[in-house]
Amino acid sequence: MATEPETPVAASAAEPAVPSLVDRYFTRWYKADVKGKPCEDHCILQHSNRICVITLAGSHPVLQSGKVIKSISYQISTNCSRLQNKVSGKFKRGAQFLTELAPLCKIYCSDGEEYTISSCVRGRLMEVNENILHKPSILQEKPSTEGYIAVVLPKFEESKSITEGLLTQKQYEEVVVKRISATTATS
């Protein structure tokens, strides 16, 4: 009895999906309810060379509720702008030092809401994403890639300990499921 050749659709469905660049080279860490604000979750993409890319987590209100971003500002206070961060040389001279709770930028939405994005990791600020200033919609369309907020380099001695207090992908998913079940139970 002759068997029919496998269709290309069936063959491609059996093959595992190719992981994205972010999934291949970065470990995702999460900080839930940053500064005690519910659902304001941040994602930290940590590369094997210890560089951390700060992004918004998928459950952040800016990404969830279809909000329209009016503007983004790296001006933290009258004397501090993350845009003035100029890094040079092998030892990254001139980089601003950040603590876990240091604000990176503020996101202003058209409904009047304002969100302050924190670094979540201690280290030197290597760069901020100026592209989101000119096209804020990138932050919502591609939060893990082109819509990143900043790049932070933790101190070498602290590179192992920066993940303390952060959640793994699985732990974060459990937090989100608990949140959803809590809101449906109260409704």
Side-chain angles (χ1 to χ4, degrees), residues 19-48 50-70 72-74 76 82 96-109 111-129 132 136-155 158-187:
S20 71
L21 180 102
V22 172
D23 293 331
R24 194 175 316 153
Y25 296 110
F26 292 86
T27 304
R28 290 179 190 264
W29 296 96
Y30 295 90
K31 183 78 172 174
D33 304 331
V34 176
K35 292 187 177 178
K37 297 178 181 173
C39 299
E40 288 196 27
D41 305 337
H42 297 27
C43 177
I44 296 93
L45 304 173
Q46 185 182 33
H47 193 271
S48 59
R50 82 180 196 276
I51 290 263
C52 295
V53 179
I54 313 300
T55 66
L56 293 180
S59 62
H60 195 281
V62 170
L63 302 178
Q64 279 296 309
S65 50
K67 291 185 179 280
V68 177
I69 299 174
K70 187 170 68 173
I72 298 171
S73 174
Y74 284 109
I76 303 309
R82 301 297 182 208
Q96 296 174 8
F97 190 78
L98 304 171
T99 63
E100 292 92 346
L101 299 175
L104 289 171
C105 71
K106 292 184 180 186
I107 301 173
Y108 301 96
C109 296
D111 62 357
E113 288 285 328
E114 177 184 315
Y115 300 96
T116 301
I117 309 304
S118 300
S119 74
C120 300
V121 292
R122 285 173 43 95
R124 295 181 178 273
L125 180 63
M126 295 292 101
E127 73 175 68
V128 293
N129 185 2
I132 61 174
S137 61
I138 300 174
L139 190 63
Q140 294 168 311
E141 295 163 6
K142 301 176 183 180
S144 294
T145 55
E146 295 171 43
Y148 72 96
I149 294 172
V151 178
V152 177
L153 178 64
K155 285 184 176 179
E158 296 178 1
S159 57
K160 298 269 190 272
S161 65
I162 61 163
T163 56
E164 292 172 8
L166 298 178
L167 304 173
T168 63
Q169 176 98 27
K170 187 177 181 185
Q171 291 169 328
Y172 176 67
E173 288 169 358
E174 290 170 3
V175 167
V176 171
V177 167
K178 285 179 188 173
R179 254 189 223 148
I180 292 170
S181 61
T183 55
T184 55
T186 57
S187 299

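The two residues Gly165 and Lys31 have their closest heavy-atom pair at O-NZ, 3.8 Å. Heavy-atom minimum distance, Arg179 versus Asp41: NH1-OD2, 2.7 Å. Closest heavy-atom contact between Asp33 and Pro38: OD1-CA, 3.4 Å. Pairing each heavy atom of Cys52 with each of Ile44, the nearest pair is CB-CG2, 3.8 Å. Closest heavy-atom contact between Pro136 and Ile72: CB-CD1, 4.0 Å. Considering every non-hydrogen atom in both Ser144 and Leu45, the closest pair reads O-CD1, 3.6 Å.
Separating the NZ atom in Lys178 from the CD atom in Glu173 is a distance of 13.0 Å, to the nearest 0.5 Å. With rounding to the nearest 0.5 Å, the separation of OH in Tyr108 from NZ in Lys67 is 15.0 Å. Rounded to the nearest 0.5 angstrom, Arg122 CZ and Lys155 NZ are separated by 6.0 Å. To the nearest 0.5 angstrom, Glu146 atom CD is 12.0 Å from Leu139 atom CG.
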Stepwise side-chain contact (heavy atoms from CB on, under 4.5 Å) check, Val62 with Ile69: CA-CA 8 Å; Val62 170; Ile69 299 174; 3.7 Å; yes
Full working for side-chain contact (heavy atoms from CB on, under 4.5 Å) between Val128 and Tyr148: CA-CA 8 Å; Val128 293; Tyr148 72 96; over 6 Å; no
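A distance-only check finds a donor-acceptor pair linking the side chain of Arg50 to the backbone of Pro154 [under 3.5 Å]. Of the possible polar contacts, one joining the Gln171 side chain to the Thr168 backbone as a donor-acceptor pair under 3.5 Å is found.
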Using distance only, find each side-chain donor-acceptor pair of residues 98-107 under 3.5 Å and give its atom names and separation, not counting sequence neighbours.
residue	atom	partner	partner atom	Å
Thr99	OG1	Ala102	N	3.4

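Under 3.5 Å, the side chains of Gln46 and Tyr25 contain no donor-acceptor pair of N or O atoms.
When the side-chain hydrogen bond (donor to acceptor under 3.5 Å, both in side chains) test is applied to Ser118, no partner is found at least two apart in sequence or on another chain. Listed by chain and residue number, Arg82 satisfy the side-chain hydrogen bond (donor to acceptor under 3.5 Å, both in side chains) test with Gln96 (two or more places apart in sequence, or in another chain). Tyr30 is linked by a side-chain hydrogen bond (donor to acceptor under 3.5 Å, both in side chains) to Gln169, counting only residues two or more places apart in sequence or in another chain. With sequence neighbours excluded, no residue forms a side-chain hydrogen bond (donor to acceptor under 3.5 Å, both in side chains) with Glu174. Listed by chain and residue number, Val22, Lys142 satisfy the side chain to side chain contact (heavy atoms under 4.5 Å, CB included) test with Thr145 (two or more places apart in sequence, or in another chain).
At least one side-chain heavy atom of Ile149 sits less than 4.5 Å from a side-chain heavy atom of Leu56. Looking at heavy atoms from C-beta onward, Val177 lies out of side-chain contact with Tyr172 at the 4.5 angstrom threshold. Residues Arg124 and Val152 fail the side-chain proximity criterion, which asks for heavy atoms closer than 4.5 Å. Ile54 has its side chain within reach of Val121: a pair of non-hydrogen atoms, C-beta onward, lies under 4.5 Å apart. Annotation: side chain of Cys120 is in contact with side chain of Val34 (closest heavy-atom distance under 4.5 Å). Looking at Phe26 and Thr55, their side chains never come closer than 4.5 Å, going by heavy atoms from C-beta outward. Within the 4.5 Å cutoff, no side-chain heavy atoms of Cys43 are placed close to those of Trp29.
Environment of CZ in Phe97: crowded, with over 12 heavy atoms of neighbouring residues, nucleotides or ligands closer than 6.0 Å. Within 6.0 Å of the NZ atom in Lys35, the count of heavy atoms belonging to other residues, nucleotides or ligands exceeds 12.
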